[in-house]
2 protein chains.
Amino acid sequence: MGKCEQCIIRQFNSLKSLTKEELIRISGCKTTKTIKKGEIIFEEGENINGIFCVKDGICKLSKLSANGKDQIVKLVVKGDLLGQRSLVGEESANLSAVALNDMEVCFIPKHEIMNDLQQNSKFSFDVLQQMAKDLKESDDIIVNMAQKSVKQRLAETLIYVYNHFGNNDEGFLDVILSREDYANIVGTATESAIRILSQLKKEGLISTSGKQIKIEDLKGLERIE
Amino acid sequence: MGKCEQCIIRQFNSLKSLTKEELIRISGCKTTKTIKKGEIIFEEGENINGIFCVKDGICKLSKLSANGKDQIVKLVVKGDLLGQRSLVGEESANLSAVALNDMEVCFIPKHEIMNDLQQNSKFSFDVLQQMAKDLKESDDIIVNMAQKSVKQRLAETLIYVYNHFGNNDEGFLDVILSREDYANIVGTATESAIRILSQLKKEGLISTSGKQIKIEDLKGLERIE
DNA sequence: GTTAAAACATGACAAATATCATATATTGTT
DNA sequence: AACAATATATGATATTTGTCATGTTTTAAC
């Protein structure tokens, strides 16, 4: 099993602020898991009792609403931590995490990391900065949800996916989300998301092949009002 | 001018985790401001260079969207801190803060509090916990925005105001928001907010007198679907 | 390769919400 | 008290989005 102090992933998240001794201790107690596409990492309400460090793959953080629809709040990628909020708030998960493709994650139990969080102020401040960033993003999403049309939000989601995950060899977005996932990010009905994607196709802004989507005119997508 | 180490307000926020020495130092450099209803405390994009401790009054945190509408993201009340996120993220304000009634706030300059944040891990962890709470609330708002009707959201906002600020002598909500403010919290057109309030009145769930609103049937409001 | 299940697509219609117009009420100012 | 400015109220209508029905394509399992 890999060692945290040699793991390159930690450079991308707050774990980089841990001391070598802390990393070695954590390395000794972490467990590495392989998670298949579609599998649940944790569900809302669950006590996760630790944090996950995403070594590879992507997952969605979502919450089930009263009407039975899932709302995706955030996409978590390689290098991100998962579960910090619940850890800090000392409460059960507010969101569910489901793998969007095959993943590899390391799980660090709460009792091993909690002390570091309370005593290593560099680490704690780093987690704080990440959380501040997440909070800003969430606040911005609130504004978008409230003030932009479904079409605008969907276009922005495509741009977001393009900017964060890029293209594969054939020019298609490298992360494959179902139409339902897009609908659940944007906060609309699946049929509406499909309809708008068809519309964007007709307008020549994107093209598709099965579930795959290719951005044909980024500027055009950005211009949608 | 009051002294932080004797100020009762700090018991309600993260400042309670500062040491006596830190408090005395901060007390010496803070400035106390009186802000009238409707006045701007800071605007999005502004460098606030410190945090505000709200001693009295209430303000709204909002963001202007492209279509010219303000979206209210959070109400900040007596005892809360203001500006932590920008401080931690070391960036300009993402939201504007406008007083909803007369306020009294203390301003603590960045350079005086930043060291404490980076070195006093108890304080830093306390701020982290507050930010985790804010993040959870923002995520929950995203889900509500995406999945609930305007009527539900408005009803929930009324319940929120009732639970957090209570009633005055005559049984009206103690915080007076304009119909436009309600619309900007819920993320709808002002006319729609007004229309729904009228509807709630007809249904006997609330009553009004000018801008004042009285909750007549809390259970009924909670039951709206 | 066949086949069943799941996902995608689209039309028709219904419901929710926004916009525009206009009237009334409230509030603050002189 | 009179006035202007602002906020509230409501009707008529347009637009957006959701829902239901149904057909097609894609995917995954055998």
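Order of the sequence lines sets the chain letters (A, B, ...), proteins ahead of strands, with each chain counted from 1.
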So for atom NZ, which belongs to A:Lys37, do other residues, nucleotides or ligands contribute more than 12 heavy atoms lying within a distance under 6.0 Å?
no

B:Tyr182 atom OH is separated from C:dT17 atom P, nearest whole Å, by 19 Å

Over how many whole Å does the gap from B:Gln199 atom CD to C:dA16 atom P extend?
10 Å

Over how many whole Å does the gap from B:Lys36 atom NZ to C:dG28 atom C1' extend?
15 Å

Can you pull every protein N or O that's under 3.5 Å from an N or O on nucleotides 2-6 of chain C?
none

Surrounding CD of A:Glu180 (heavy atoms of other residues, nucleotides or ligands, distance under 6.0 Å), is the total greater than 12?
no

For the pair made of CD1 in A:Ile196 and P in C:dC8, what is the distance, rounded to whole Å?
15 Å

Rounding to a whole Å, what distance do you find between B:Lys69:NZ and C:dA18:P?
6 Å

Determine whether the side chains of B:Ser92 and B:Asn47 contain a donor N or O and an acceptor N or O closer than 3.5 Å.
no

How close or far is atom C1' of C:dA15 from atom CG of A:Asn67, stated in whole angstroms?
15 Å

Parallel, tilted or perpendicular: which describes the rings of B:Phe165 and B:Tyr160, with under 30° parallel and over 60° perpendicular?
perpendicular

If I take atom CD in residue B:Gln152 and atom C1' in nucleotide C:dA16, what distance separates them, rounded to the nearest angstrom?
12 Å

Should we say atom NZ of A:Lys214 is surrounded by more than 12 heavy atoms from elsewhere, each under 6.0 Å from it?
yes

Which atom names give the shortest non-hydrogen contact between A:Glu104 and A:Thr32, and what distance separates them?
OE2-CG2, 3.7 Å

Rounding to 10°, can you tell me the angle the first-five-pair axis of the helix from C:dG1-D:dC30 to C:dT30-D:dA1 makes with its last-five-pair axis?
50°

Whether over 12 other heavy atoms sit under 6.0 Å from B:Phe42 CZ:
yes

Smallest heavy-atom separation, B:Gln71 atom then B:Asn184 atom, equals NE2-O, 2.9 Å

If the threshold is 4.0 Å, N to carboxylate O, is there a salt bridge linking A:Lys201 and A:Glu216?
no

Once you round to the nearest 0.5 Å, how far does CG of B:Asp217 lie from CZ of B:Arg223?
6.0 Å

Return a single string for nucleotides 2-12 of chain D, one symbol per nucleotide in 5' to 3' order, where B is base contact, S is sugar-phosphate-only contact and - is none, cutoff 4.0 angstrom on heavy atoms.
------SBBBB

Which part of the nucleic acid, if any, lies within reach of B:Lys148 when heavy atoms closer than 4.0 Å are counted: base, sugar-phosphate only, or nothing?
nothing

Side-chain donor-acceptor pair under 3.5 Å between A:Asn94 and B:Asp139, yes or no?
no

To the nearest Å, give me how far apart CG (B:Asn184) and C1' (C:dT17) are.
16 Å

Given that A:Ser209 and A:Arg153 both sit by DNA chain D, which one's nearest nucleotide is further toward the 5' end?
A:Arg153

